[in-house]
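Accompanying notes for the structure given below.
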Amino acid sequence: MGNSFINRKDRIIASAIEIISEAGLMSLTTKSLAMKENMSESLLYRYFGGIEEVLVEVVDAFVKFDDGILATLESKNISHLDKVVELLNIFSTYYDGYEELGAVVLNYEGFLHNVNTRDKMAKCIQQRTQFVQRELEAAMKEGEIVDTFTPEELTNILIGSLDRDLLNRRIQYGDKTHNEVAKSVLEKMARLVRIEK
């Protein structure tokens, strides 16, 4: 984290995400964060009013690109199913490139039980889920994919499989990246549900 091009506040947030990834959400304290940043706790308080402010910034870093990604995909002239596949591929690529951020996904529950992060995290999860579900519903209505599963069920299968792979990576190392696993799963699911014309 010694990159001089990153401002101190951003480095503190990156360190907070690393602590969450390494030791869990409950391990993130002002003391652990100050130690990781090699600073005093009093200096940390010059940047943040406390650990709750840090957690809000962690969630902000997690959802930073969502609105832009969703708006870009909405405007693309591709099939509804391809929008879903592309969205999930973007997220899996992002989590591969910044592995520690995957720990935020694995700590959804903790963020949802925190009064300071609950609304932002819930909005993020709902936006992502609603986008996928809406596109799958449109794909079914237009005869693009089979209706073996409801849009809600298929959304849960797709998002759930990617979240599960993040969990698997925490307990065992695989020979494939998260993005490779995600691509494989998404391609197989797309072939399974797509109606060839």
Quiz item: side-chain contact (heavy atoms from CB on, under 4.5 Å) with E137: which residues, sequence neighbours excluded?
Solution: K141, P151
Quiz item: Above 12 or not: heavy atoms from other molecules or residues under 6.0 Å from CD of E99?
Solution: no
Self-check item: Side-chain (E153) to main-chain (F149) donor-acceptor, under 3.5 angstrom
Solution: no
Exercise. Would you please name every residue forming a salt bridge (Lys or Arg N to Asp or Glu O under 4.0 Å) with R118, sequence neighbours left out?
Key: none
Quiz prompt | Donor-acceptor contact present, side-chain S92 to main-chain N89, <3.5 Å | solution = yes
Quiz prompt | Working for side chain to side chain contact (heavy atoms under 4.5 Å, CB included), residues L81 and R194 | solution = CA-CA 8 Å; L81 180 59; R194 193 184 307 268; 3.7 Å; yes
Quiz prompt | Side-chain donor or acceptor of E144 paired with backbone N/O of H80 under 3.5 Å | solution = yes
Quiz item: Checking S21 side chain against I17 main chain: does a donor-acceptor pair fall under 3.5 Å?
Solution: no
Quiz item: Hey, are D119 and K123 close enough for a salt bridge, meaning a charged N less than 4.0 Å from a carboxylate O?
Solution: no
Quiz item: Listed by chain and number, what are the side-chain contact (heavy atoms from CB on, under 4.5 Å) partners of E86, not counting sequence neighbours?
Solution: L73, K76, I78, I90
Quiz item: Which atom names give the shortest non-hydrogen contact between T30 and L44, and what distance separates them?
Solution: O-CD2, 3.5 Å
Practice problem: For D96 and H178, test the side chains for any donor-to-acceptor distance below 3.5 angstrom and give the result as yes or no. | Solution: no
Self-check item: Within 6.0 Å of CE in M35, more than 12 heavy atoms from elsewhere
Solution: no
Quiz item: What's the verdict on side chain to side chain contact (heavy atoms under 4.5 Å, CB included) for Y95 and V104, showing C-alpha distance, side-chain angles and the deciding distance?
Solution: CA-CA 10 Å; Y95 300 149; V104 174; over 6 Å; no
Quiz prompt | Qualifying residues under salt bridge (Lys or Arg N to Asp or Glu O under 4.0 Å), relative to K183, sequence neighbours excluded | solution = none
Quiz prompt | Criterion side chain to side chain contact (heavy atoms under 4.5 Å, CB included) on K83 and F131, from CA distance to verdict | solution = CA-CA 9 Å; K83 288 179 185 180; F131 176 87; 4.2 Å; yes
Quiz item: When you measure from the side chain of R170 to the backbone N and O of A103, does any donor-acceptor pair fall under 3.5 Å?
Solution: no
Quiz item: Mind checking what makes ring pair (Phe, Tyr, Trp, His ring centres under 6.0 Å) contact with Y94, not counting sequence neighbours?
Solution: F65
Quiz item: What residues, two or more places apart in sequence or in another chain, satisfy side chain to side chain donor-acceptor pair (under 3.5 Å) together with S27?
Solution: none
